[in-house]
Amino acid sequence: MRMTLGSDAFEDQLLADLNEPQRQAVTHFEGPALILAGPGSGKTRVITRRIAWLIAQGVKPWHILAITFTNKAAGEMRARVEAIAPQKGAIISTFHSFGVRFMRQYAARLGFEPTFTIYDQTDRGRMTKIALEDAKVDSNRFSPEAISGAISRAKNQLLSPDRYAAEARDFFSRAVAEVYPRYEKRMRDAGALDFDDLLYWPALALRNDPTLRTEADERWRFVLVDEYQDTNTAQYAIARNLCQDYPNLLVVGDPDQSIYKFRGSDIRNILDFERDYPGAKVLHLSDNYRSSRHILRAADALIANNQQRKPKKLTPREREGRPVEVVTHDDQGREADAIARLVKEEVQSGRRSFRDFAVLLRMNALTRAFEQAFIRQKVPFQIVKGLAFFDRKENKDVLAYLRLLVNIRDDVSFLRVVNEPPRGIGATTLERLQEYANSRETTLLSAAAQAEFIPDVTARAAQSLSAFARLIGELQDLASGPPHEAIKKVLEKTRYRESLKTKDVMADDDRIANIEELVTAARQFSEANPDLGVAGFLENITLAGDIDSYDAKEESVTMMTLHAAKGLEFPVVFLPAMEQGILPHERSLNNPSDVEEERRLCFVGITRAMEELHLSCARMREFRGRTIYTVQSMFLSELPSDVKRSERGVSEMGSPPEAAWLDGDVPIVRREPARSAPTATAYSSSGTSPAPYEPGEVVQHDTYGLGQVLEVSGHGATRKIRIRFITQGLRTFLVDKVVLKKVARDR
DNA sequence: GGGTGCCGCTTTTTT
DNA sequence: AGCGGCACCC
């Protein structure tokens with residue numbers, strides 16, 4: 001008999017609104033289990049209930065580990081579990097966050113400092129470049145990106161440098177084999193781990209260290225893994241090794257939604273689960289509570305075209321709904337406008353609110369046309385994209401200072417800030433410094449401290465270097481305080497703000513504002529997590545992903561990539577740019593199994609929709625500066641016959657453009673192509689003298705979109721222009737520097 | 001030896 | 001929007 005801690009009434013409540021397979025999944029107790037869960041089948045609910053149920057059975061929360069795909073999902077799940085479970089304390093996190101936890105806990109045993117820094121892709125690229133030089137591999141022949149990508153793939157497959165080298169045959173692999181061990185040594189010396197390391201080292205440790213493995217297995221007795229179809233070899237190994245003595249691994253996933261092969265995911269992990277875990281209980285959740293029947297038929301019909309797949313059908317539980325629409329437009333501008341207009345009409349009529357809509361795209365680059373259309377039609381939107389805020393140069397600089405304070409061995413951060421703001425330390429000096437540090441096997445920072453002993457470094461540069469080293473030394477105590485205090489002090493001592501001001505006369509207001517925002521973000525973080533400190537703040541930023549910035553409550557249309565949309569749902573979904581070369585992406589076209597992954601991606605997009613699904617494509621599209629005639633996506637022809645197909649545009653040719661309105665009653669042409677429109681004139685700093693801008697005039701800025709000129713002041717090179725942008729507020733630019741397009745008025 | 005300004009490239013998807 | 005490469009000036 002099982003232990004009973006919760007009352008029967010409580011248990012009934014946990015199971016009350018579940019269907020039979022869901023109930024079985026929740027109440028599966030010990031032993032491996034595979035839950036094949038189609039889209040909209042309530043898997044999140046199953047996982048949360050199961051955690052609560054386990055705790056109600058008397059399982060201690062700290063014996064439970066639940067792995068989700070994003071930090072956001074982890075946070076939401078934790079909140080839900082804590083709301084219904086009798087006790088808190090279950091670990092709910094992503095594989096990567098779990099990796100961090102694991103590495104901090106076992107750092108000493110694995111030969112790492114517990115204060116390690118986490119390197120993102122950019123950092124990884126820089127370190128690869130250094131390793132490339134160490135290996136004397138010609139970086140013109142092989143790009144650092146290609147090499148670091150190969151190293152990443154190797155780590156995802158748990159291939160150590162030695163094993164990789166043993167299998168390296170071709171030219172490229174041999175180069176990678178030379179770089180890989182040097183990269184690894186550099187990373188170790190810098191006290192840094194990249195994203196892949198967060199899985200690689202725990203996986204190796206669990207595999208090779210029986211004592212450690214037993215201990216970890218004992219600690220995490222019940223393991224749940226969501227989105228199992230997108231696990232890679234390292235993640236597979238982690239799960240596997242945590243579940244030997246306590247073989248209670250329950251995985252949830254859907255092979256039809258495997259979309260991360262490019263980052264090492266291996267769909268075989270889920271397909272072979274029953275073979276890997278004999279006796280596993282297998283449950284199918286195929287009832288779909290999300291989408292209308294029309295939408296599900298489209299999804300079923302599309303995915304049925306995949307060859308490498310076990311046939312399965314989604315069972316509709318919702319209403320018939322409205323037919324799926326496929327619309328062909330003349331060009332991307334009209335496509336975006338049509339969507340913006342439809343959204344607006346639906347909201348104005350009171351049928352929907354802005355947050356009911358999502359535009360899902362294959363590539364980030366496709367958002368442009370929609371931004372413009374939404375701005376023009378005053379439709380509020382949010383783009384769910386990598387926290388661009390923390391990617392801004394000024395913020396990255398400041399964060400690099402913090403990283404250096406936390407970990408003085410972090411050479412990549414050192415190189416980033418050593419001459420930022422400029423201190424008279426140039427490329428030549430840095431090269432000498434690196435040579436010196438290499439020969440002495442020391443960090444760049446400590447080499448800088450002894451700069452006067454470095455041959456061929458000028459006295460001046462040496463002085464700058466040692467002053468820099470001293471500065472970092474003085475600031476180091478800040479690492480143990482709250483992050484916003486550290487940032488403030490860094491800004492003050494480095495005079496970073498001042499350096500921004502003097503470098504470029506205007507338009508650096510932005511940068512300063514960004515830094516102020518960073519301070520605010522740091523303060524908010526430390527208020528919410530007073531015990532985590534500077535290191536915690538940095539870690540949080542690095543591990544934060546795209547969707548983590550998505551705010552479902554915000555009253556706006558959501559725009560994001562198909563990848564980011566996984567796990568979400570919206571009443572109305574738009575899938576634009578359904579064109580050959582975009583979806584499926586051109587780089588998948590010569591490989592059938594890659595095309596199948598693109599089809600799965602399309603399937604994920606379709607199944608995000610609850611009530612309405614609108615697919616569309618454009619006959620013409622501007623792509624990398626060229627206008628190309630498109631071919632409809634092959635996936636459109638795979639949809640069932642009950643989708644409603646229509647063409648827009650051709651018959652409407654010649655009809656006058658509809659006017660949209662800005663604040664000040666300024667009519668503007670509704671639609672013009674993204675760049676170099678015939679109705680717009682481009683002005684730039686070089687060449688002929690720019691035509692004067694007049695207050696009230698409507699202009700377009702590449703970054704800020706449409707705005708209205710408020711005033712032009714000053715003379716010559718310092719002449720300034722103030723513009724109020726529709727979405728971005730007030731900005732000031734130098735007339736000579738800023739590139740603006742005048743937007744022609746409707747007469 | 002360092003700083004500055006300009007050009008051209010970038011972009012498939014991401015923890 | 002950022003960055004590497006390059007030419008040019010101090």
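Values reported hereafter were calculated over all heavy atoms of this structure, with side chains retained and with hydrogens, waters and symmetry mates removed. Below, read A as the first sequence line, B as the second, and so on, with proteins coming before strands; counting in each chain starts at 1.
In this structure, CZ of A:F69 is placed 8 Å from C1' of B:dT14, rounded to the nearest angstrom. Rounded to a whole Å, the NE2 atom of A:H96 is 14 Å from the P atom of B:dT14. One can place CG of A:L360 at 16 Å from C1' of B:dT14, the figure rounded to the nearest angstrom. Residue A:Q235 contributes atom CD, which lies 16 Å from atom P of B:dT14 at whole-angstrom precision. In this structure, A:E539 atom CD and B:dT15 atom P are separated by 16 Å, rounded to whole Å. Note: CG (A:L589) to P (B:dT12) measures 13 Å, nearest angstrom. Here B:dG1 presents its C1' atom at 15 Å from CG of A:L433, a figure rounded to the nearest Å. In this structure, the CD atom of A:E586 is 10 Å from the C1' atom of B:dT11, given to the nearest Å.
Of the side-chain N and O atoms in A:N364, none sit less than 4.0 angstrom from OP1 or OP2 of B:dT12. Between B:dT12 and A:T561, no contact under 4.0 Å exists linking OP1 or OP2 to a side-chain N or O. Between A:R263 and B:dT15 there is no side-chain N or O to OP1 or OP2 distance below 4.0 Å. Listed pair A:N419 / B:dG3 meets the phosphate criterion, a side-chain N or O lying under 4.0 Å from OP1 or OP2. Phosphate contact (OP1/OP2 of B:dT15, side-chain N/O of A:S97, threshold under 4.0 Å): absent.
Along DNA chain B, the nucleotide closest to A:T429 and the one closest to A:T70 are compared, and the more 5′ of them pairs with A:T429. Comparing A:M363 and A:L430 along DNA chain B, the residue whose closest nucleotide (by nearest heavy atom) sits nearer the 5' end is A:L430.
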Open item on the list: Please determine whether salt bridge (charged side-chain N to carboxylate O under 4.0 Å, His left out) holds for the pair A:D194 and A:R124, giving the CA-CA distance in whole Å, both sets of side-chain angles, and the decisive distance to 0.1 Å.
Closed with: CA-CA 7 Å; A:D194 63 26; A:R124 182 182 89 177; 5.5 Å; no
TODO: Kindly indicate, with the supporting measurements, whether the criterion side chain to side chain contact (heavy atoms under 4.5 Å, CB included) is fulfilled by A:C602 and A:L302.
DONE: CA-CA 8 Å; A:C602 187; A:L302 176 87; 3.8 Å; yes
Task: Audit row: A:E420, A:K393, salt bridge (charged side-chain N to carboxylate O under 4.0 Å, His left out) steps and yes/no - done: CA-CA 11 Å; A:E420 192 67 55; A:K393 182 185 173 341; 3.2 Å; yes
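We find that A:E516 and A:R497 are joined by a salt bridge, their nearest charged nitrogen and carboxylate oxygen being less than 4.0 Å apart.
Judged by centroid separation below 5.5 Å and plane tilt below 30°, A:F262 stacks onto the base of B:dT13. In this pair, A:H585 lays its aromatic ring flat on the base of B:dT12, centres within 5.5 Å and planes under 30 degrees apart.
For an aromatic pair to be called close, the ring centres must be under 6.0 Å apart, and A:F468 with A:F414 satisfies this.
At a threshold of 4.0 angstrom between heavy atoms, the contacts of A:F95 with the nucleic acid are absent. Across all strands, A:R432 comes closer than 4.0 Å only to sugar-phosphate atoms, never to a base (heavy-atom distances). The residue A:N71 sits apart from the nucleic acid: no heavy atom pair falls under 4.0 Å. Residue A:D120 is out of contact with every strand shown, counting any heavy-atom pair closer than 4.0 Å.
Proximity of A:F95 to A:T231: side-chain heavy atoms (C-beta onward) are separated by under 4.5 Å at one or more points.
Comparing B:dT12, B:dT14, C:dC3 by their closest approach to the side chain of A:Y260 singles out B:dT14. For A:R587, the listed nucleotide lying nearest its side chain is B:dT12; candidates were B:dT12, B:dT14, B:dT15. Here the side chain of A:T94 is nearest to one of B:dT15, B:dT12, C:dG2, namely B:dT15. Side-chain proximity of A:R126 to B:dT15, C:dG4, B:dG1: nearest is C:dG4. Among the nucleotides B:dG2, C:dG2, B:dT15, the one closest to any side-chain atom of A:Q121 is B:dT15. Across B:dT13, C:dC3, B:dT11, the shortest atom-to-atom separation from the side chain of A:H563 is found for B:dT13.
Atom name P, nucleotides C:dG5 and B:dT11: the rounded distance is 15 Å, in whole Å.
From A:S148, atom OG reaches atom CG of A:D196 across 9.0 Å, with rounding to the nearest 0.5 Å.
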